[in-house]
There are 2 protein chains.
Amino acid sequence: MPRDENKNLEIRDARKEQILSAAAKVFARRGMVAAKISDIAKEAQLSHGLVYHYFESKEQIFVTLVKKASDKSIEVVNEANQYNGTPIQKLTWMTETILRSIATGEGIYLYLIMIQASTSDAVPAEVRDVLMGDNANSPVFATIPIIIEGQNEGEIVKEDPVKLAVTYYAFIQGLAINKIQWKECPLPEAKLIMNVFQTKQEVTK
Amino acid sequence: MPRDENKNLEIRDARKEQILSAAAKVFARRGMVAAKISDIAKEAQLSHGLVYHYFESKEQIFVTLVKKASDKSIEVVNEANQYNGTPIQKLTWMTETILRSIATGEGIYLYLIMIQASTSDAVPAEVRDVLMGDNANSPVFATIPIIIEGQNEGEIVKEDPVKLAVTYYAFIQGLAINKIQWKECPLPEAKLIMNVFQTKQEVTK
DNA sequence: GTCTATACGCTGATAGAC
DNA sequence: GTCTATCAGCGTATAGAC
């Protein structure tokens with residue numbers, strides 16, 4: 001295979017990433033419907049015609065991003081599970097990781113895209129299924145075992161684990177939303193959020 | 001003034017309410033841009049021409065709803081302030097009230113519309129200003145005095161009050177989002193959320 | 001691979017009949 | 001007050017030049 005073809009493939013992948021990265025920003029801030037291909041093209045600094053050279057449609061770009069976001073969010077839970085420590089320590093590590101990605105990185109875009117994909121009727125049902133089709137594959141459900149483990153060890157309050165997981169992710173999503181609307185908004189430390197789960201500590205006077 | 005004119009006024013108001021109520025649902029689920037006038041008309045069971053008889057534009061309908069939502073959310077904070085009790089009790093009452101409106105009533109639509117108005121670049125800047133123009137008038141800032149009061153009384157943890165208020169509303173917004181995407185999702189009790197704020201209780205063995 | 005020019009459909013908004 | 005018919009503008013997606 002001649003060198004040129006390899007080079008072309010590299011360009012192809014680079015352009016695709018460039019477009020996806022730009023699209024993530026635009027989708028996160030405007031929503032799947034309001035985001036225009038021309039917005040994405042402008043953000044990526046290329047013509048809108050070229051976007052269609054790399055992706056079939058606006059929807060396909062969105063789906064690609066939703067998949068990516070879903071994978072990443074589950075990956076974090078799995079890493080947390082391998083983390084060496086008590087369930088509360090696992091959750092703390094996970095929360096710190098997520099908060100950091102919201103505060104600094106591209107993470108926030110991915111969270112906002114997942115929120116849109118799952119909450120808006122404007123996105124086609126097939127897209128929503130990517131995220132919800134398999135409940136077992138959602139971060140909420142992946143987190144439940146850690147919570148149950150913590151309850152068995154007496155570290156975590158004896159509430160419905162589903163309720164606790166829902167509450168936890170409500171928090172995360174809510175913070176992502178706040179951050180996008182108010183750039184300098186102070187984010188809480190992971191410890192503060194852990195208060196929701198933890199059984200009351202005994203305080204020595 | 002003849003009877004007919006009064007009757008007409010009644011119809012006018014009723015229709016307006018009918019349209020606003022339908023619009024709230026549609027906007028909440030699809031977002032301001034993706035929501036079509038025809039969607040709203042269908043939901044309200046009247047022609048799209050008639051919608052324009054009562055409102056100048058789609059944007060005006062949206063603005064009206066954002067104002068309404070903003071007023072209501074601040075009203076709750078004010079009521080909480082008048083509630084007789086300690087700061088934590090005030091916040092607990094407020095949280096219960098909000099959670100109830102999310103669980104059962106139209107409240108959830110209003111919260112989702114506020115979220116969209118404040119987070120999406122797709123809504124015109126003027127609309128966002130309705131909500132954010134006067135920081136002093138936002139629920140977040142209205143809640144801060146209660147938090148400070150609680151800190152002075154040693155009931156609430158000594159963290160940056162702004163951070164605590166942001167965290168609190170992140171929670172509320174996150175729960176509204178969860179509820180819309182999963183109708184049967186279990187909502188936490190107010191008490192659980194209060195754990196975030198409260199100084200650790202002493203537990204007697 | 002990359003761009004510009006163009007077609008087609010959809011939706012917000014208006015006009016005018018009833 | 002209420003509806004239907006219609007226009008104008010915009011945005012996705014395509015075709016074809018370079």
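The shown structure was predicted, so the numbers you read here are calculated from the model rather than taken from an experiment.
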Across the strands shown, which category fits A:Y54 at heavy-atom distances under 4.0 angstrom: base, sugar-phosphate, nothing? sugar-phosphate

Tell me which nucleotide among C:dT4, D:dC3, D:dG1 gets nearest to the side chain of B:H53. D:dG1

So which of A:T167, A:I146, A:L91, A:T92 actually passes side chain to side chain contact (heavy atoms under 4.5 Å, CB included) with A:F197? A:L91

Looking only at the side chains, is there a donor atom on one of A:N84 and A:K90 sitting less than 3.5 Å from an acceptor on the other? no

Using the salt bridge (charged side-chain N to carboxylate O under 4.0 Å, His left out) rule, collect all pairs that involve residues 164-176 of chain B, keeping only residues at least two apart or in two chains. none

Would you check if there is a donor-acceptor pair between the side chains of A:E155 and A:T86 at a distance under 3.5 Å? yes

Take atom NZ of A:K42 and atom C1' of C:dT4, then tell me their distance rounded to the nearest Å. 17 Å

Side chains of B:S101 and B:Y111 only: does a donor on one sit below 3.5 Å from an acceptor on the other? no

Output the rounded distance in Å from CZ (A:R30) to P (D:dG11). 9 Å

Rounded to whole Å, please give me the gap between CZ in A:R15 and P in C:dG1. 10 Å

Output yes when at least one side-chain N/O atom of A:R12 is less than 4.0 Å from OP1 or OP2 of C:dG1, else no. yes

Verdict with supporting geometry, B:K163 and A:E189, salt bridge (Lys or Arg N to Asp or Glu O under 4.0 Å): CA-CA 10 Å; B:K163 190 189 287 182; A:E189 285 78 40; 2.9 Å; yes

In 5'-to-3' order, the base (B), backbone-only (S) or no-contact (-) status of each nucleotide in nucleotides 12-18 of chain D, using a 4.0 angstrom heavy-atom cut-off, is SBB----

Spacing of B:L50 atom CG relative to D:dC3 atom P, expressed in whole Å: 5 Å

Rounded to the Å, how far apart are B:N8 CG and D:dG1 P? 5 Å

Grab the CD-P distance between B:Q60 and C:dG12 for me, whole Å please. 15 Å

Using a strict 4.0 Å threshold on nitrogen-to-oxygen distance, state whether B:K25 and B:E106 make a salt bridge. no

Is there a donor-acceptor contact under 3.5 Å from the side chain of A:R15 to the main chain of A:Y54? no

Taking the inter-plane angle between the rings of B:F62 and B:F27 on a 0 to 90° scale, is it parallel (under 30°), tilted (30 to 60°) or perpendicular (over 60°)? perpendicular

Residues touching DNA chain D, which here means a heavy atom under 4.0 Å, drawn from residues 16-29 of chain A: none

